[in-house]
Amino acid sequence: MNARVGAVRQRLAVVVPPVVLGVVLLVAWEQWVVQNDIEPYLMPKPSAIREQAELLDEVIRRSAWITGGNAVIGLALGIAIGVGMALVASRLRFFRDMVTPVSAALNAVPLIAITPILNNAIGGTSQVGRRLVVALVVFFPIFVNTLRGLSQVDPTQAELMRSYAASAGAISRKVRVPNALPHFFTGFKVAASGAVISAVVAEYFGGPQGGLGYFIASNAAQSRTPQAWSFVLAACAMGLAFFVLAVVLERLAMPWRAKRSAAT
């Protein structure tokens, strides 16, 4: 019973503070706009944004489905490439020395530069360019963190496996991969939110219409700020959902860490 109560308190300690802070900020935002009589096209009230979100509910759902699909596909592609290259780089030093600076350089390329290039190269009517942009953003945190976990193995554990005549594959499965899981999920939580951000931003620069980024840009260009903010709200909710999904997957993949945290 005490353990159950302690677990509930721990969850409340994680959830309640950000919720309270968010409510306080929204109330302060509302009061600041009202007291200063700020025009809606400059800064809308949270209540006005909520009203527009309710009115545009169907449009927001359709656009979120498009943006979310691009984010999911790009996230999966970036994870697959990042993990695969990290596995190779952890075994081949020359490959690691060659790929690491290139991945850092790709991570430094701004989305505003790479997105139009990919859209023009692949075609303005295809979603592939946007998905590749998401994959590029996702790749770096996944690759770097997974490689760190695969490389920073306790020498005693590796030596013990070799003393048992374990193969390189067995050492990877039993030692390197379990050691890399916490590092991978650290990168995954960063990449999950980054996938949504990059998917939304990629929609600013041409390509098929209909995503959240397109409606944000088009409404903002016409000074329909409350409408634009309603789509921004949807993008924020999607980014939060992706992050929560990453946390849930981390708990499912490493239940021993959750038990250890609860015991502590």
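- When hydrophobic clusters are built by joining Ile, Leu, Val, Met, Phe, Trp and Tyr residues whose side-chain heavy atoms come closer than 4.5 Å, directly or via intermediates, Ile73 is not grouped with Leu245.
- Side chain of Gln209 to main chain of Tyr214: no donor-acceptor pair is present (N/O by atom type, distance under 3.5 Å, no hydrogens or angles).
- Scanning all heavy atoms of the two residues, the minimum distance from Gly213 to Thr67 falls at N-OG1, 4.5 Å.
- Pairing each heavy atom of Ala228 with each of Ala220, the nearest pair is CB-N, 3.9 Å.
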Which pairs would a plain distance check flag for residues 74-89, meaning a side-chain donor or acceptor within less than 3.5 Å of a matching protein atom at least two apart in sequence or in another chain?
none

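- At least one side-chain heavy atom of Leu212 sits under 4.5 Å from a side-chain heavy atom of Met238.
- Val144 and Phe185 fall within the same hydrophobic cluster, defined by Ile, Leu, Val, Met, Phe, Trp and Tyr side-chain heavy atoms under 4.5 Å apart, directly or through other members.
- At least one side-chain heavy atom of Ile60 sits less than 4.5 Å from a side-chain heavy atom of Ser230.
- Taking CD1 of Ile142 as the reference point, atom CZ of Phe140 lies at 11.5 Å (rounded to 0.5 Å).
- Inter-residue side-chain proximity for Val128 and Leu118 is flagged as unmet; no heavy-atom pair is nearer than 4.5 Å.
- Here CG of Leu132 is found 11.5 Å from CD of Gln127. Values are rounded to the nearest 0.5 Å.
- When side chains are defined from C-beta on, Met43 does not count as touching Thr225, because their heavy atoms never get closer than 4.5 Å.
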So Val201 and Thr115, side chain to side chain contact (heavy atoms under 4.5 Å, CB included) or not? Walk me through it. CA-CA 9 Å; Val201 173; Thr115 304; 5.7 Å; no
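- Within the 3.5 Å criterion, the main-chain N or O of Gln227 finds no donor-acceptor partner in the side chain of Gln52.
- More than 12 heavy atoms of other shown residues, nucleotides or ligands fall within 6.0 angstrom of atom NZ in Lys189.
- Under the side-chain hydrogen bond (donor to acceptor under 3.5 Å, both in side chains) criterion, Glu54 pairs with Arg50, not counting sequence neighbours.
- To the nearest 0.5 Å, atoms CE (Met98) and CG (Leu92) are separated by 9.0 Å.
- The shortest heavy-atom contact between Ala71 and Val134 is O-CG1, 3.9 Å.
- Val247 and Leu181 end up in different hydrophobic clusters when Ile, Leu, Val, Met, Phe, Trp and Tyr side chains are linked at under 4.5 Å.
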Donor-acceptor list for residues 99-111 side chains, cut-off 3.5 Å, not counting sequence neighbours:
residue	atom	partner	partner atom	Å
Thr100	OG1	Arg96	O	2.8
Ser103	OG	Val99	O	3.4
Ser103	OG	Thr100	O	2.7

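- Val27 and Leu21 are members of different hydrophobic clusters when ILVMFWY side chains are connected at heavy-atom separations under 4.5 Å.
- To the nearest 0.5 Å, the span separating CZ on Phe205 from CZ on Arg130 amounts to 11.0 Å.
- Rounded to the nearest 0.5 Å, atoms CZ (Arg224) and CD1 (Ile216) are 13.5 Å apart.
- In terms of hydrophobic clustering, with Ile, Leu, Val, Met, Phe, Trp and Tyr side chains grouped at heavy-atom distances under 4.5 Å, Tyr41 and Trp32 are assigned to a common cluster.
- Taking CD1 from Ile66 and CZ from Arg62, the interatomic distance works out to 8.5 Å, rounded to the nearest 0.5 Å.
- Considering all non-hydrogen atoms of both residues, Pro40 and Pro226 come closest at O-CD, 3.9 Å.
- Side-chain contact between Trp29 and Leu26: present, with at least one pair of heavy atoms (C-beta onward) separated by less than 4.5 Å.
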Let's go through His183 and Thr146 carefully: what are the C-alpha distance in whole Å and the side-chain angles of both, what is the deciding distance for side chain to side chain contact (heavy atoms under 4.5 Å, CB included) to 0.1 Å, and is it a yes or a no? CA-CA 6 Å; His183 298 270; Thr146 305; over 6 Å; no
Could you walk me through whether Ser193 and Phe243 pass the side chain to side chain contact (heavy atoms under 4.5 Å, CB included) test, one step at a time? CA-CA 6 Å; Ser193 300; Phe243 179 80; 3.8 Å; yes
Which is it for Asn179 and Leu150 under the side chain to side chain contact (heavy atoms under 4.5 Å, CB included) test, yes or no, and what are the steps along the way? CA-CA 7 Å; Asn179 184 75; Leu150 291 170; over 6 Å; no
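- Under the 30°/60° scheme for interplanar angles, the aromatic rings of Phe215 and Phe231 are found to lie parallel.
- Val200 and Ala235 get closest at one heavy-atom pair: CG2-CB, 4.1 Å.
- Using cut-offs of 30° and 60° for the angle between ring planes, the Phe143 and Phe139 rings count as parallel.
- Of the N and O atoms on the side chains of Arg131 and Asn70, at least one donor lies less than 3.5 Å from an acceptor on the other residue.
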